[in-house]
Asker: 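Quick one: structure below, then a few questions.
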There are 2 protein chains.
Amino acid sequence: MNDSAPILASFRTSGTNLTRAKTHNHRVVLEIIRTRGPIGRTEISEITSLSRQTVQNIVGELESRGIVEMHAQKARGRGHPGMMVKLKPDHAYSLGFHVDRLSVTAIACDLLGSIVWQSAAPMAAATPEAANSRILSMVEDFRAAHPAMAKCLFGVGLAAPGPFETGAQTSSGTDATTFSDFGSPENLAELQLAVGLPVVLQNDASAAALGEHVYGIGRSFNSFAFIQFGMGLGAGFVLNGALYPGASKNAGEIGHVVIDPNGPACSCGNTGCLERYLSLNALCERLGLEPTEPGSVARIEALFAEGDPAVLGWIADVAPLMRQMINMIEMMLDPEALILGGIICPEFLQALLDSAAPLPRRLDGSPEEGRIRIGTSGATAVALGATAAAVDALYAPSVSHLLL
Amino acid sequence: MNDSAPILASFRTSGTNLTRAKTHNHRVVLEIIRTRGPIGRTEISEITSLSRQTVQNIVGELESRGIVEMHAQKARGRGHPGMMVKLKPDHAYSLGFHVDRLSVTAIACDLLGSIVWQSAAPMAAATPEAANSRILSMVEDFRAAHPAMAKCLFGVGLAAPGPFETGAQTSSGTDATTFSDFGSPENLAELQLAVGLPVVLQNDASAAALGEHVYGIGRSFNSFAFIQFGMGLGAGFVLNGALYPGASKNAGEIGHVVIDPNGPACSCGNTGCLERYLSLNALCERLGLEPTEPGSVARIEALFAEGDPAVLGWIADVAPLMRQMINMIEMMLDPEALILGGIICPEFLQALLDSAAPLPRRLDGSPEEGRIRIGTSGATAVALGATAAAVDALYAPSVSHLLL
DNA sequence: TTTATTTTGTCAAATTGATAGAAAAAATAA
DNA sequence: TTATTTTTTCTATCAATTTGACAAAATAAA
């Protein structure tokens with residue numbers, strides 16, 4: 001059992017030092033202030049297990065850098081009334097873009113996920129160049145509309161539909177659903193240069209998962225799976241407090257799990273992929289709608305609202321597939337919870353979920369309550385998730401910032 | 001998107017300090033010495049990004065504690081010839097137990113995975129008490145047989161068949177395949193006290209995955225999935241350099257992914273689970289063998305070796321399921337590689353793998369070479385993996401040891 | 001053979017965060 | 001009014017990595 005193969009670097013082979021520990025502690029303290037609103041320094045000390053003095057120092061530095069501010073609070077109980085620390089609301093903003101084959105949706109929000117600006121525009125062509133120029137012009141739009149906020153921009157998050165082709169092989173040709181080159185390191189570097197800010201990219205499902213993790217109900221969990229029900233079907237996994245993107249950024253492609261080898265061909269090259277049955281694309285196909293039509297999602301929402309039998313029938317038909325998907329994710333990953341989201345209204349997702357009852361048994365006897373939740377969904381959810389990706393990369397603690 | 005839910009602790013909310021940084025660096029240096037055999041201090045410094053002086057200090061301390069030793073090496077190239085650092089071969093040993101419903105397999109090995117002692121014994125009954133007493137008597141056997149090594153024992157790893165019921169709900173009653181109470185914290189604490197050494201537990205698939213990670217071909221990967229083909233079917237996931245056990249230690253239960261809701265009932269309570277078709281249990285069923293019979297695996301190996309048509313037919317029959325399983329794991333986790341192991345001989349596993357050709361397409365264009373490998377397999381693989389679990393917990397760097 | 005270069009080993013001092021302890025301040029409870 | 005509790009601030013200490021300089025030992029080049 002001892003073949004000498006190449007051995008890769010990871011946290012297993014990276015040392016750390018005082019400086020990295022400091023940045024980690026700063027990020028941790030900031031994360032707590034961000035996620036738990038105004039909070040006393042003593043409580044921060046208890047949560048982090050850092051000494052009170054250390055928290056004092058860190059908060060002092062954050063304050064002098066203008067990131068947080070103190071405000072007094074009327075005492076509640078015995079003892080000296082402590083000052084509360086909170087984020088300076090107008091200190092930092094991020095931009096998020098949901099880049100689609102058809103359109104680009106943009107959002108600007110603060111560190112708490114409050115949206116301060118948004119915009120959407122169709123895209124001339126499904127090419128990296130069209131996406132780049134659209135994004136750049138929207139950045140300029142935001143800067144023109146909110147010059148004060150624009151000065152406090154710290155990063156840009158991009159969410160594009162996966163899967164990404166990061167392998168050596170050339171583009172498969174048959175696949176028109178991916179911006180294979182949009183996500184390339186070269187293009188990202190170019191964009192970053194043009195924007196003048198850090199730029200991070202995730203696929204749409206991962207971005208939405210980060211949205212839940214950073215701003216939403218995912219904050220309550222260290223490990224959860226987010227299911228993105230969109231034109232395709234994807235998932236984003238947050239494991240042990242961090243997004244797990246996969247070795248080639250393609251983890252969570254549950255839409256391309258083959259459930260029937262004899263099923264219809266999929267753009268990915270296999271046949272009978274789950275998303276050929278369970279996705280808005282599949283529903284459009286059933287309804288005779290054109291998925292690339294801009295208003296198709298709104299049309300489905302309207303039909304669903306008026307109780308259209310074709311839509312409700314489809315929901316009933318895919319119930320076994322919902323069960324299969326849920327069972328598969330839970331058995332494989334054993335997450336604390338599943339969060340269901342997507343580009344359609346929450347009521348639709350709830351109906352989809354309700355139809356799947358009774359859910360398959362789980363192995364451990366954990367309670368059913370909160371097993372699956374409906375997350376943030378709708379047209380701007382992924383763009384918001386993209387801002388979360390920027391927050392996560394630039395503000396949140398992570399192992400990579402702790403090591404050398 | 002701002003509901004105030006309880007927020008959990010993780011590395012996102014844990015600070016660190018000098019002391020933790022030190023233990024991390026020590027573990028990192030030791031990990032490198034362990035996995036890369038004799039190695040020069042300068043090279044360690046380059047790998048870890050720690051300064052040469054720091055590595056000097058750490059190695060010095062490890063040496064004075066008797067964990068490593070230096071030996072000269074003839075110079076190869078210009079410059080002062082450096083001393084090489086290596087593990088003291090007889091410094092540390094761990095014990096691993098593969099606890100089964102039928103028997104217990106024990107192994108003792110050093111930090112490099114070299115087996116120095118092994119033993120196996122049937123179990124009187126499939127109860128936690130029987131397992132405990134069997135383990136304790138085997139520990140005594142080892143201590144009696146190798147008193148010198150026994151003095152250097154640093155930990156005990158246990159591998160038991162999952163799934164574990166860690167939820168609040170009471171035992172399902174229908175399930176005779178799990179030692180529900182054997183894995184309880186109380187029982188582990190009791191065992192730890194009785195043995196007088198740290199005791200860690202993993203399910204068999206996770207243990208085998210750690211075996212690959214610590215000693216085997218898994219060392220070459222930061223993220224891989226290990227498939228354990230045994231009486232049941234399970235998987236162990238190593239993600240970003242660490243085992244991902246799941247929220248309730250039940251990640252990787254691919255054997256209980258339902259592939260046919262109308263299929264036969266499974267002990268887990270669902271119907272049509274994958275392992276009802278793809279496992280040694282299923283093969284035994286096909287062959288009319290009794291799975292609980294001690295020699296059944298050996299019997300299958302013999303039949304396979306002589307080209308028995310029933311066995312070969314079964315292998316051909318399950319080929320679609322192999323493809324389905326591989327596709328599912330790859331699409332969901334996007335690992336660097338898959339490693340196939342189990343309690344049967346490697347030739348059988350290779351045949352199983354060969355029959356699955358052609359494999360399903362992947363999303364990224366990564367090369368096919370090394371996509372799936374045959375790992376350590378056979379009767380002692382899981383017990384060896386159990387020792388790896390002890391090594392991993394007590395020697396290897398991990399995020400938990402870096403934080404407060 | 002001599003000289004230059006390169007790499008390793010060692011020493012002492014500097015740096016830098018986290019931490020400990022004490023004392024002051026400001027509130028409530030008794 | 002007094003005691004208690006909690007927060008804040010100050011100063012000094014501690015413990016790890018890092019820096020820089022220099023000696024030692026080998027090869028490569030002149």
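Letters A, B, ... are given to chains in the order of the sequence lines, protein chains preceding strands, and every chain is numbered from 1.
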Asker: Mapping Met70(A) and His26(B) to their closest nucleotides on DNA chain D, which lands nearer the 5' end?
Answerer: Met70(A)
Asker: Have a look at Asn57(A) and say if it touches a base, only the backbone sugar-phosphate, or nothing, with a 4.0 Å heavy-atom cut-off.
Answerer: base
Asker: Compare the minimum distances between each of dT18(D), dA26(C), dA18(C) and the side chain of Asn17(B), then state the nucleotide with the smallest one.
Answerer: dA18(C)
Asker: Of the nucleotides dT10(C), dG17(C), dT5(C), which has the atom closest to the Arg78(B) side chain?
Answerer: dT5(C)
Asker: So, are Arg36(B) and Glu31(B) salt-bridged, with charged N and O less than 4.0 Å apart?
Answerer: no
Asker: Among dG20(D), dT17(D), dA26(C), which nucleotide has an atom closest to any side-chain atom of Gln53(B)?
Answerer: dG20(D)
Asker: Need to verify one output field. Residue with the more 5' nearest nucleotide on DNA chain C, Met83(B) or Gly79(B)?
Answerer: Gly79(B)
Asker: Side-chain donor or acceptor of His80(B) under 3.5 Å from a matching atom on the base of dA26(D)?
Answerer: no
Asker: Report the distance from atom CZ of Arg20(A) to atom C1' of dT16(C), rounded to the nearest whole Å.
Answerer: 16 Å
Asker: What contact category does Thr42(B) fall into here, base, sugar-phosphate, or nothing, at under 4.0 angstrom with non-hydrogen atoms?
Answerer: sugar-phosphate
Asker: Over how many whole Å does the gap from Glu63(A) atom CD to dT8(D) atom C1' extend?
Answerer: 13 Å
Asker: Might you point out which heavy atoms bring Tyr395(B) and Leu30(B) nearest each other, and give the distance in Å?
Answerer: CD2-CD2, 3.3 Å
Asker: Lys22(A) has an atom NZ; how far is it from atom P of dT15(C), in whole Å?
Answerer: 15 Å
Asker: Whole angstroms only, please: what is the CG-C1' distance between Leu404(B) and dT19(C)?
Answerer: 11 Å
Asker: Would you mind classifying the nucleic acid contact of Arg52(A) as base, sugar-phosphate or nothing, using non-hydrogen atoms under 4.0 angstrom?
Answerer: base
Asker: When the distance from CD of Gln73(B) to P of dA26(D) is rounded to whole Å, what number comes out?
Answerer: 13 Å
Asker: Can you tell me how far P of dG9(C) sits from CD of Glu43(B), to the nearest Å?
Answerer: 12 Å
Asker: Any side-chain heavy-atom pair from Arg41(B) and Arg52(B) closer than 4.5 angstrom?
Answerer: no
Asker: Which nucleotide, in any strand shown, forms a Watson-Crick or G-U wobble pair with dT3(C), with both distances under 3.5 Å?
Answerer: dA28(D)
Asker: Examine Phe237(B) together with Phe224(B) and report whether their ring centres are nearer than 6.0 Å.
Answerer: no
Asker: Could you check how far CD of Gln56(B) sits from P of dA16(D), rounded to whole Å?
Answerer: 17 Å
Asker: Whole Å only: how far is the CD1 atom of Ile44(A) from the P atom of dT7(D)?
Answerer: 12 Å
Asker: When you check the gap from the basic side-chain N to the acidic O, do Lys88(B) and Glu69(B) get nearer than 4.0 Å?
Answerer: no
Asker: In terms of side-chain heavy atoms of Arg41(A), which of dT18(D), dT9(D), dA27(C) is nearest?
Answerer: dT9(D)
Asker: Just N and O in the side chain of Ser51(A): are any of them under 4.0 Å from OP1 or OP2 of dT19(C)?
Answerer: yes
